[in-house]
Amino acid sequence: MEVIPSGGAHGAEIMGVDLSQPLDDNTFESILNAFHTHSVIVFRNQDITEEDHIRFSGRIGEIDNDVYSHFAHPNHGEIVIISNILDEDGKPIGVSDAGKFWHTDLAYTKTPSRASLLYSFEVPITDDGTVLGDTLFSNTAAAYDELPDDIKSRIDGKSIINRHAYAYFKSGQGEQFKKSAAALNDVEHPLVIQHPFTGRKILFCNEAMTVGINDLPTEESEQLLSFLVEWVKKPDFVYRHKWQTGDFLMWDNFPTQHFVEHNFDLPLRRRMQRITVRGTVPVSA
Ligand code: OGA
Ligand code: MN
């Protein structure tokens, strides 16, 4: 296998691995090393079954039975469908609103995802061949490192409150998340966390779910938070993934945030399936 860094803020392609086949221990270890080094890994041109997707994900850790069980694959409860496609009754076949705001998967739970593994079946392409629906990934370890020193000292030791789909409800787009939101309580996380494997410091607030910074006057919390959630979007920190059918993308949720460009609509179809692997409780850096 070969690891080819994206050349940007983070991210790499791994070539020479067929995920439909069982992997030997050495190959698997090399993939994990690349995953911890580059945070976002793409395997192109994969042709895998649901079982392959589940087997590979389960080797990384315990598969989350996600909060979107109402959008689970009909035969595999651990797989969530991400799609803008409607069924015969006009009902979405999966989550169509995923990633409208920058976020870290499951950071509104006590144990944000260690890894998300997203496999693409259909990608929206315009008549002139332009692929839409890019997914953008920010390197939030780099984003922390580059913060001005005065901001670093202001956020040192602080904690935040995260709420499922907070930005969706705030902007009147919460409909699709009503069910999951009803079942979830707010959680507290450190604002700066330590990566469980690399030890790097990571900025952990995000615009989708962070409600506020604890122990600050409301106005200061709002002002600081809006600075931080914008900061991570700086192009210097961002890898843009241009999708192809057959891409298998895996990302480390601890040192990244992501966002989907919702610049496509039916009849252009986008269909993917996702598994998340449970992470550990984030530790303050
Ligand atoms: C997700 C998500 C990314 C995408 O599945 O967690 O944010 O590109 N989706 O659809
Ligand atoms: Mn996501």
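Atoms within each ligand, like the ligands themselves, are counted from 1 in listed order. Remember, predicted model here, so these are calculated numbers, not experimental data.
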Numbering as shown, the atoms of ligand 1 that approach [X] to under 4.0 Å (heavy-atom distance):
{"X": "V260", "answer": "3 (C), 4 (C), 8 (O), 9 (N), 10 (O)"}
{"X": "D105", "answer": "6 (O)"}
{"X": "I82", "answer": "5 (O), 10 (O)"}
{"X": "T135", "answer": "4 (C), 8 (O)"}

Does any N or O in the side chain of H164 come within less than 3.5 Å of the main-chain N or O of A182, such that one atom is a donor and the other an acceptor? no
For S116 and D105, does a side-chain donor sit closer than 3.5 Å to a side-chain acceptor? yes
So, Q257 versus T140: side-chain donor-acceptor pair below 3.5 Å or not? no
Counting heavy atoms under 4.0 Å, the part of V95 that contacts ligand 1 is neither
So does K170 have more than 12 non-hydrogen atoms from other groups sitting under 6.0 Å from NZ? no
Should we count CE of M1 as having more than 12 external heavy atoms under 6.0 Å? yes
I'd like to know whether ligand 1 has H103 as a neighbour, heavy-atom separation below 4.0 Å. yes
Examine W251 against ligand 1 and note whether any of their N/O atoms are separated by less than 3.5 Å. no
Regarding atom 7 (O) of ligand 1: of the candidates H262, R271, H258, which has the closest heavy atom? H258
What is the name of the N/O/S atom of D105 that is nearest to the Mn ion (ligand 2)? OD1
Output the rest of the hydrophobic cluster of L216: all Ile, Leu, Val, Met, Phe, Trp and Tyr residues reachable through side-chain heavy-atom contacts under 4.5 Å, sorted by chain and number. Y144, L147, I151, I155, I160, L191, V192, L203, I213, L224, L225, F227, L228, V229, W231, V232, F237
Please report which non-hydrogen protein atom sits nearest to atom 1 (C) of ligand 1, along with the residue it belongs to and the distance in Å to one decimal place. R274 NH1, 3.4 Å
May I ask you to identify the nearest protein heavy atom to atom 10 (O) of ligand 1, giving residue, atom name and distance to one decimal place in Å? R270 NH1, 2.8 Å
Go through the steps to decide whether E207 and K233 satisfy the test salt bridge (charged side-chain N to carboxylate O under 4.0 Å, His left out), and finish with yes or no. CA-CA 10 Å; E207 73 173 2; K233 303 177 189 175; 2.8 Å; yes
Would you list the pairs meeting salt bridge (charged side-chain N to carboxylate O under 4.0 Å, His left out) in which at least one residue belongs to residues 29-51, sequence neighbours left out? R44-D247
